[in-house]
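The structure presented is a predicted model; accordingly, all values stated were derived computationally and were not measured.
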Amino acid sequence: KVYHRLLFGMSVCDFLVSLGFVFSKWPVPIDSDTNAMCNAQGFFIQLSLAVVLYNLSLATYYLLVVRYEWKENRLQKIEPYMHASALIVGLSTSLAGVFLELYNPAILWCWIAS
């Protein structure tokens, strides 16, 4: 079902984001301006935007099913767009942070900081 696949995509992204949080201050470099671990942590934490967009997709799913009485076959036609929007926006902002060197030590972890 569309609902289960959206929830699975959201869960996978949320698991990856949780990996970023689990290390807390460990990846924060002590004496260096650049650190691969800090970039990795910032990448995974920024990926949380995909989780938010998956949540939006689930809310849209409920609206279409409950209010507008869409059936499964109709929902399957828009499902790829729901996955694509969450993953493309989430991954592109995460990658942009790496390439633009935006991930630096913040208060509790590495994320977008100056």
Measure across Arg74 and Trp70 and return the closest heavy-atom pair with its distance rounded to 0.1 Å. NH1-NE1, 3.3 Å
To the nearest 0.5 Å, how far apart are CG in Asn104 and CH2 in Trp111? 12.5 Å
Which atom names give the shortest non-hydrogen contact between Met37 and Asn35, and what distance separates them? N-OD1, 2.9 Å
What's the separation between atom CG in Leu6 and atom OG in Ser11, rounded to the nearest 0.5 Å? 10.5 Å
Side chains of Cys13 and Leu87, heavy atoms from C-beta outward: is any pair under 4.5 Å? yes
Contact summary for Met82 and Tyr61, nearest pair of heavy atoms: CE-N, 4.2 Å
Once you round to the nearest 0.5 Å, how far does NE2 of His83 lie from CD1 of Ile78? 10.5 Å
Would a 4.5 Å heavy-atom cut-off, applied to side chains only, mark Leu64 and Thr60 as touching? yes
Applying the 4.5 Å side-chain criterion to the ILVMFWY set and letting contacts propagate, would Val89 and Phe99 be lumped into a single cluster? no
Are Val52 and Val17 in one and the same hydrophobic cluster, where Ile, Leu, Val, Met, Phe, Trp and Tyr link if side-chain heavy atoms are under 4.5 Å apart? no
Is the number of heavy atoms from other residues, nucleotides or ligands under 6.0 Å of Leu100 CG greater than 12? yes
Taking every heavy atom of Gly90 against every heavy atom of Thr93, the minimum-distance pair comes out as O-OG1, 3.1 Å
I'd like to know whether Phe43 forms a side chain to side chain contact (heavy atoms under 4.5 Å, CB included) with Leu91, so could you lay out the CA-CA distance, the side-chain angles of the two residues, the decisive distance to 0.1 Å, and finally the verdict. CA-CA 8 Å; Phe43 174 88; Leu91 287 172; 4.0 Å; yes
Any sub-3.5 Å donor-acceptor pair from Asn39's side-chain atoms to Val98's backbone N or O? no
Taking Gln76 for its side chain and Val2 for its backbone only, find out whether a donor-acceptor pair lies under 3.5 Å. no
Atom of Arg5, atom of Glu72 and distance for their closest heavy-atom approach: NH2-OE2, 4.3 Å
Check whether Tyr3 and Leu63 end up in the same hydrophobic cluster, where Ile, Leu, Val, Met, Phe, Trp and Tyr are linked by side-chain heavy atoms less than 4.5 Å apart. yes
Taking Tyr68 as the starting point, is it possible to reach Leu58 by hopping between hydrophobic residues whose side chains are less than 4.5 Å apart? yes
Start with the C-alpha gap between Phe21 and Gln41, add the side-chain angles, then the distance that decides, and say whether side chain to side chain contact (heavy atoms under 4.5 Å, CB included) holds. CA-CA 7 Å; Phe21 283 117; Gln41 185 180 41; over 6 Å; no
Say whether Leu19 and Tyr103 are linked into one hydrophobic cluster, either directly or through other cluster members, by side-chain heavy-atom distances under 4.5 angstrom. yes
Approximate separation, where rounding is to 0.5 Å, of Cys110 SG and Gln46 CD: 13.5 Å
For Ser94 against Leu47, the heavy-atom pair lying closest together: OG-N, 3.2 Å
